[in-house]
Enquirer: 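Below are the structure tokens for one structure; questions will follow.
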Amino acid sequence: MHEVNFRRYAIELQTGNMLIRIVFLLTLAACLPQAPAAAQEKQPGDDRQMAFFIDSLMSRMTLDEKIGQLNLLTSDMDVTGPSMRKNYAEDIRKGRVGAIFNAYTPEYVKQLQDMAVKQTRLHIPLLFGYDVIHGHKTIFPVPLGMAASWDTAAVEKAARIAAEEASADGINWVYSPMVDIARDPRWGRVMEGAGEDPRLGSLMARAYVKGYQGNDLSASHTVLACVKHFALYGAAEGGRDYNTVDMSRRRMFETYLPPYKAALDAGAGSVMTSFNEVNGIPATGNRWLLKDLLRRQWGFSGLVVTDYTAIPEMISHGVGRNTSEVGTQALQAGVDMDMQGEVYVTQLKSLLQEGKISRQDIDTAVRHVLEAKYRLGLFSDPYRYVHENPDKVIMSPDKLAFAREMARKSMVLLKNAGQLLPLKKSGSIALIGPLADDRRDLIGAWSAAGDWHRAVSLLSGVKAAVEGRAKVYYAKGANLVDDTALLRKLNAAGADITVDAKSPEQLIREAVATAERADVVVMALGESAAMTGEAASRSDIGLTPNQQELLSAVYATGKPVVLVLMNGRPLTLPWEDAHIPAILESWFGGTEAGAAIADVLFGAYNPSGKLTISFPVSVGQIPVYYSHKSTGRPADPGNKYTSKYLDIPNEPLYPFGYGLSYTHFSYGDIVLSTRKLRRGEILRMAVTVTNDGHYDGTETAQLYLRDRVASVTRPVKELKDYRQVFLKQGESKRLTFTLTPEDLKFYNRDMQWVTEPGDFEIFIGGNSRDLQRAAFTLTE
Ligand code: BGC
């Protein structure tokens with residue numbers, strides 16, 4: 001917990017800075033009454049100190065100044081650097097703004113902070129928010145890719161690096177982690193989260209929060225995390241962004257809510273409301289969600305901010321006629337800060353005068369905003385995040401090296417028939433595809449401050465890796481997208497997809513000729529970054545038709561083909577899986593993507609990633625996820641009247657947890673500590689994993705549980721734990737797991753969190769499909 005830095009102020013007082021003097025006196029005055037309390041225990045003392053400080057400050061704030069604190073505005077950052085709209089400056093100087101987002105660089109932040117601190121009556125500093133989603137300047141793989149590493153320590157480190165860079169650049173509040181469970185890959189924002197599973201999603205949520213906030217939020221290299229989008233945003237009907245969400249309370253609590261809760265348990269200091277409705281009421285005006293659940297049940301005491309213009313959007317949702325009606329709902333539901341809606345700043349005063357809201361409603365919200373500022377240490381040093389020399393921190397060699405490491409860990413080997421991979425650094429390699437020499441897309445969507453010019457393309461990564469020992473040929477082969485209507489939309493959103501001057505036929509001819517000259521072909525295909533992320537839903541999630549055409553033309557040459565995918569969501573790949581011998585999912589791998597992919601292609605790194613979201617056979621299967629229910633008529637090929645499709649299998653093409661290695665791992669039988677477990681006891685189990693292939697490698701052994709009979713239906717399996725183990729060729733290791741009573745609990749008919757005696761199954765293996773099995777009974 002942060003302490004007001006009197007010493008520093010005392011020193012600066014002597015230097016005679018008038019502004020610092022004023023802030024110091026204000027701070028001192030506020031803190032004096034609690035002097036005896038400071039001698040007591042640290043934690044309560046700190047909280048009391050903060051409460052005294054804020055009480056004192058609030059006692060001096062006018063209503064307008066209070067309302068100003070609840071206003072969050074975006075600034076303008078354009079490609080040539082920041083530009084400030086005139087009215088922002090005016091709003092800040094008049095104390096009508098509590099926080100700014102989309103403003104960074106020390107110079108710009110200082111300029112804005114100066115206005116708040118030097119020119120407003122009470123000198124209250126601003127928060128500076130930003131969408132730092134998978135890195136700030138050093139860009140890591142998209143979060144769905146990072147999750148595929150299953151390596152929470154690595155994800156935490158990536159978040160810590162992001163915090164270091166962002167804070168060096170003036171930012172003190174990041175709009176991350178995005179922890180929305182997503183089971184519909186048509187939704188473009190699946191790339192921003194950790195996938196389909198609540199347990200893994202919770203672990204990832206925690207890792208991000210720890211990485212961003214560290215142990216001391218007031219340190220100048222840590223930032224305030226913002227868990228989003230609360231809640232259920234990932235369950236938009238039909239995968240169409242911003243669409244209606246409707247789900248049972250049971251599914252909410254079992255599947256969708258745990259990652260938000262995990263992020264809060266890890267200490268996340270702020271929460272962003274979602275655009276969607278929850279049980280018929282927009283999240284941003286949903287008192288049950290924000291007060292009953294978030295505040296009362298979960299005990300959250302931090303800051304709640306809306307998503308972008310989510311308050312005025314409640315008019316379109318149809319729950320209010322005007323901004324004053326929806327503003328009332330948002331405030332009373334428990335929303336503290338209004339992002340870009342300018343509803344609070346324009347409406348709250350008159351709403352108070354009309355008696356529609358209370359002073360208490362406003363004060364509570366203001367307190368949450370001020371507390372966030374206090375915890376960040378902004379009252380003792382408003383310039384804490386304005387570093388003098390950010391270039392020393394940003395994109396330093398160690399950070400880039402870690403970005404490469406993170407990208408390698410994230411890749412998932414989907415297929416490797418005949419051990420085509422790894423490739424030899426000899427002979428000739430044809431690198432073909434619209435993403436083979438691309439840099440712009442590699443850093444993916446939501447790489448807000450990332451500079452794609454710094455990204456390493458696959459072509460340059462491969463050339464550097466072969467060190468002249470193999471010939472490398474290149475052909476573009478196809479445009480990323482040919483469909484003119486789609487192109488227009490993507491480019492309007494800034495995708496910058498260029499259409500080659502050569503005709504599609506000519507491009508394919510050149511690609512085929514290039515392939516024919518080479519011993520092996522590496523095809524780089526996938527999506528444009530703009531085809532994923534916000535407002536980027538797709539109804540067809542295969543490769544674009546022109547890329548498919550290119551792939552089949554090159555395949556027809558008979559050359560061995562390695563398909564490297566660059567994309568931000570599961571794709572439907574039935575033809576590719578049936579024909580192409582080797583497929584590597586590299587996601588949008590970030591700044592070092594090209595170098596990292598080359599490491600994997602040539603065996604400098606043995607791939608170890610595992611999917612955290614199922615890849616469907618076709619869009620018709622969606623939603624398809626491993627932890628489905630059995631139903632009363634589980635699929636039985638011999639019986640027509642069972643739950644299945646006539647034309648496709650029920651199972652996805654590549655299931656949750658799936659990912660190959662250049663080596664092979666085999667699993668021994670599961671050994672349980674007992675087959676009769678008494679309630680309250682811990683179950684121990686062990687399994688021996690052997691690397692019986694020809695490379696050293698890392699395996700992720702996954703433990704799933706099934707509750708065979710319960711008072712409510714239970715999934716056919718649920719991930720409970722996993723172990724990552726590095727095994728040398730020929731090496732075996734005995735992995736041990738434990739299941740605690742907590743792991744056996746679920747929500748019963750009355751939504752109580754309980755265990756029930758009965759039969760359980762345990763599964764352990766390298767993915768959610770291919771598993772060893774054991775059983776035990778839980779007795780009273
Ligand atoms: C997105 C949020 C984001 C916010 C601010 C919204 O449109 O849904 O995830 O944090 O914009 O940029």
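Counting starts at 1 for both ligands and their atoms, in listed order.
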Enquirer: Please confirm whether Gln340 comes under 4.0 Å of ligand 1, counting heavy atoms of the residue only.
Expert: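 No, Gln340 has no heavy atom closer than 4.0 Å to ligand 1.
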Enquirer: With respect to Arg189, determine whether any N or O atom, backbone or side chain, lies less than 3.5 Å from an N or O atom of ligand 1.
Expert: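 It does: an N or O of Arg189 is found under 3.5 Å from an N or O of ligand 1.
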Enquirer: Tell me the protein heavy atom at minimum distance from atom 4 (C) of ligand 1, and give that distance in Å.
Expert: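 So the nearest neighbour among protein heavy atoms is Asp307 OD1, 3.3 Å.
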Enquirer: Between Phe300 and Arg295, is there a cation-pi geometry (under 6.0 Å to ring centre, at most 45° from the normal)?
Expert: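 That pair does not qualify as a cation-pi contact.
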Enquirer: Check this for me: does any side-chain nitrogen of one of Arg538 and Glu527 sit under 4.0 Å from a carboxylate oxygen of the other?
Expert: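 Salt bridge present between Arg538 and Glu527.
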Enquirer: Identify the protein heavy atom lying closest to atom 3 (C) of ligand 1, giving its residue, its atom name and the separation to 0.1 Å.
Expert: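 Heavy-atom neighbour on the protein nearest atom 3 (C) of ligand 1: Asp131 OD1, 3.2 Å.
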Enquirer: Taking atom types as modelled and ignoring hydrogens, do the side chains of Ser614 and Glu196 form a donor-acceptor contact shorter than 3.5 angstrom?
Expert: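 The criterion, which ignores hydrogens and geometry beyond distance, is satisfied for Glu196 and Ser614.
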Enquirer: Is the shortest N/O to N/O distance between Glu534 and ligand 1 below 3.5 Å?
Expert: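 Yes; the residue has a nitrogen or oxygen that sits under 3.5 Å from a nitrogen or oxygen of the ligand.
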Enquirer: Which residue and non-hydrogen atom of the protein lie closest to atom 9 (O) of ligand 1, and at what distance in Å?
Expert: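 In this structure, atom 9 (O) of ligand 1 has His229 NE2, 2.7 Å as its nearest protein heavy atom.
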Enquirer: State whether Trp150 and Arg199 meet the cation-pi test: NZ (Lys) or CZ (Arg) under 6.0 Å from the six-membered ring centroid, and within 45° of the perpendicular axis.
Expert: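 Pair Arg199/Trp150 does not count as cation-pi.
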Enquirer: Does Met178 come within less than 4.0 angstrom of ligand 1, counting non-hydrogen atoms of the residue?
Expert: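 It does not, in that no heavy atom of Met178 comes within the 4.0 Å cut-off of ligand 1.
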Enquirer: More than 12 heavy atoms of other residues, nucleotides or ligands under 6.0 Å from CZ of Arg454: is that the case?
Expert: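 Atom CZ in Arg454 is not crowded, with 12 or fewer foreign heavy atoms closer than 6.0 Å.
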Enquirer: Should the pair Asp131-Lys228 be classified as a salt bridge under the 4.0 Å nitrogen-to-oxygen rule?
Expert: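 Salt bridge flag = yes for Lys228 with Asp131.
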Enquirer: If the cut-off is 4.0 Å to any non-hydrogen atom of Phe101, which atoms of ligand 1 fall inside it?
Expert: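 That gives atoms 5 (C), 12 (O) of ligand 1.
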Enquirer: Looking only at distance, does Lys228 have an N or O less than 3.5 Å from an N or O of ligand 1?
Expert: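 Indeed, backbone or side chain, Lys228 has an N or O that close.
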Enquirer: Under 4.0 Å from a heavy atom of Tyr175: give me the atoms of ligand 1 that qualify, with their elements.
Expert: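 Numbered from 1, ligand 1 contributes 10 (O).
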Enquirer: Indicate whether any N or O donor in one side chain lies under 3.5 Å from an N or O acceptor in the other, for Asp180 and Tyr260.
Expert: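 Note: Asp180 and Tyr260 side chains meet the donor-acceptor criterion.
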